[in-house]
Protein chains: 2
Amino acid sequence: MARNPRQNKGNRPRARGAAKPAAAKQAVRRIRADKESPYHHGALRDALLQAAEKLVERDGLPGLTLRAVAREAGVSHAAPTHHFGDLTGLVSELAAIGYRQFNKAMMAANVSGTVQEKGLASAKAYIAYAQANPGMYGLMFRTERLDMSRPSLHEAANAAFAGLARGVGASRHEHIEASALSLEQAGAIARAWSLLHGFAMLLLDGRMSHMLRRLPKGTTMDQLFEAMLKSPPPR
Amino acid sequence: MARNPRQNKGNRPRARGAAKPAAAKQAVRRIRADKESPYHHGALRDALLQAAEKLVERDGLPGLTLRAVAREAGVSHAAPTHHFGDLTGLVSELAAIGYRQFNKAMMAANVSGTVQEKGLASAKAYIAYAQANPGMYGLMFRTERLDMSRPSLHEAANAAFAGLARGVGASRHEHIEASALSLEQAGAIARAWSLLHGFAMLLLDGRMSHMLRRLPKGTTMDQLFEAMLKSPPPR
DNA sequence: TTTTTATCTTTACATCGTCAAGATATGATT
DNA sequence: AATCATATCTTGACGATGTAAAGATAAAAA
């Protein structure tokens, strides 16, 4: 895609069959010698993932490209391939990191208070994570670019689901084993998850602020969210 | 992106500065004369949108490219640009069509029965649309590729929101004017929308079938959905 | 010290979106 | 009816992207 308004240092490849540049090898050595390690980066994998997170939060999903990540990390455009195979690999590993961040944030919100207070705090933490990390949250639920068969992603996502199930179980004053659910339990989990995920997605897509404009002036997103949680089911 | 595993008829462009092919002009005329209209398609805009819908349902969002749409419609790769400006334009017009389809389906489900029955039928119709048109539904909520300032999209999306608000109002036995909401009303709308949108997205992303596997054997997605709707809020 | 392996670079290529310029048909004007 | 203007579509080009293949270099193993 040619819509990214960044970087354009005239890197047109040399014409086909042109002789290899004589001084290129030396130049590369000199340039890279200015940095820490000339060839072996040492911790490239992590550096690439960090760069990727930075990019997805700054430019959104369309800005997250293998080549942009490589540029950000200061390596050649094909370097990421060696560590992640392809774009799906990198995105999947990044999503795994996202799930771990998310799990951490949810755990931190679920420490003190009554069952009701913990539930509310967890719900707010869910939305807060999505709002603070819109790129990562979007990534985590874009299956088209995710390979759920990757163990790291699979595990992290499963842990997130188990945590959610546990939280819902606590609010129902029962212990939920995420591997075997009753229909009632699953309904409660699906309700909580759909409600939170739906609100988060609509929020990130700007649909909720559209709604906020129809509300009395000064109403905040937090108020709308709490009004939603308080709203009784139709009967 | 070069990840689309279709089409590869060696259309490498001619080398720079190569002479124009002598017989190309005539060949094009002959080929296109086999079809209805040689140059002016007549209804290319609609044909492109139809092709786009077909593609997005067949290959998902990544398969929806300007060039693929042009191929599908049998025109040159730059033809869509004239009608839609750019990819965002085409996607936005397609999303507008999606919202109109969606509105139609929701209206059809909201005709007979009690208020409760109409509400349930509408909820099921919401999910049914998403499930029957996953590509279109995904499109409609991918803001990154949508230009909401386009009148057709803006209007169709607003109509969808108004319909939803009306439905929620009916279930509360009150008339809702979508342009000015109370916090309570907005909470109820946000609740219904988040619940349905969240479930739809999780369903399309395969998360719900993951959950279904943890349920007693033979449990259907419909049962899970109804269990969710019946599930009481935590208190 | 030599060999092997892992890591990174270079080069190449098909695809994509988009722009610019050309070709052709349709409609309007005279 | 002939000419012109405009809308529609094609061709060609360019920079960007993902990815594969082959080369270069450093680290590890032998």
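Values below: every heavy atom of this structure, side chains too, minus hydrogens, waters and symmetry copies. Below, chains carry the letters A, B, ... as their sequence lines are ordered, and counting in each starts from 1.
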Respond yes when some side-chain nitrogen or oxygen of [X] is under 4.0 Å from OP1 or OP2 of [N], and no when none is.
X       : N      : value
B:Arg67 : D:dT10 : no
B:Thr65 : C:dC16 : yes
A:Arg71 : D:dA16 : no

Pairs meeting criterion side chain to side chain donor-acceptor pair (under 3.5 Å) with involvement of residues 126-138 of chain A, two or more places apart: A:Gln101-A:Tyr129, A:Tyr126-A:Tyr137, A:Tyr126-A:Trp193, A:Tyr137-A:His197

- prompt: Is A:Arg214 salt-bridged to B:Glu177, going by a charged N under 4.0 Å from an acidic O?
  reply: no

- prompt: Under the side-chain contact (heavy atoms from CB on, under 4.5 Å) test, which residues partner B:Lys104, sequence neighbours left out?
  reply: none

Please enumerate all residues that pass side-chain hydrogen bond (donor to acceptor under 3.5 Å, both in side chains) together with [X], with sequence neighbours excluded.
X        : answer
B:Arg142 : A:Glu144
A:Asn158 : B:His210
B:Asp147 : B:Ser149

For atom [atom1] of [X] and atom [atom2] of [N], their distance in whole Å:
X       : N      : atom1 : atom2 : value
A:Leu44 : D:dA27 : CG    : P     : 13 Å
A:Leu87 : D:dA20 : CG    : P     : 12 Å
A:Leu90 : D:dT17 : CG    : C1'   : 14 Å
A:His82 : D:dT25 : NE2   : C1'   : 13 Å
B:Leu48 : D:dT10 : CG    : C1'   : 14 Å
B:Asp86 : C:dT18 : CG    : P     : 5 Å
B:Leu64 : C:dG17 : CG    : C1'   : 13 Å
B:Leu61 : C:dC16 : CG    : P     : 15 Å

- request: Consider the side chain of A:Ala78, meaning its heavy atoms from C-beta on, and name the nucleotide among C:dT10, C:dT7, D:dT10 that approaches it most closely.
  value: C:dT10

- request: Would you indicate which nucleotide in C:dC8, D:dG18, D:dT10 comes nearest to any side-chain atom of B:Ser76?
  value: D:dT10

query: Is there a donor and acceptor pair closer than 3.5 Å between the side chain of B:His77 and the base of C:dT15?
result: no

Check: C:dT7 base within 3.5 Å donor-acceptor of A:Arg45 side chain: no

message: Check whether A:Ser194 reaches the backbone of A:Ala190 with its side chain - one donor and one acceptor, N or O, closer than 3.5 Å.
response: yes

message: What's the angle between the local helix axes at either end of the helix from C:dT1-D:dA30 to C:dT30-D:dA1, using five pairs per end and rounding to 10 degrees?
response: 0°

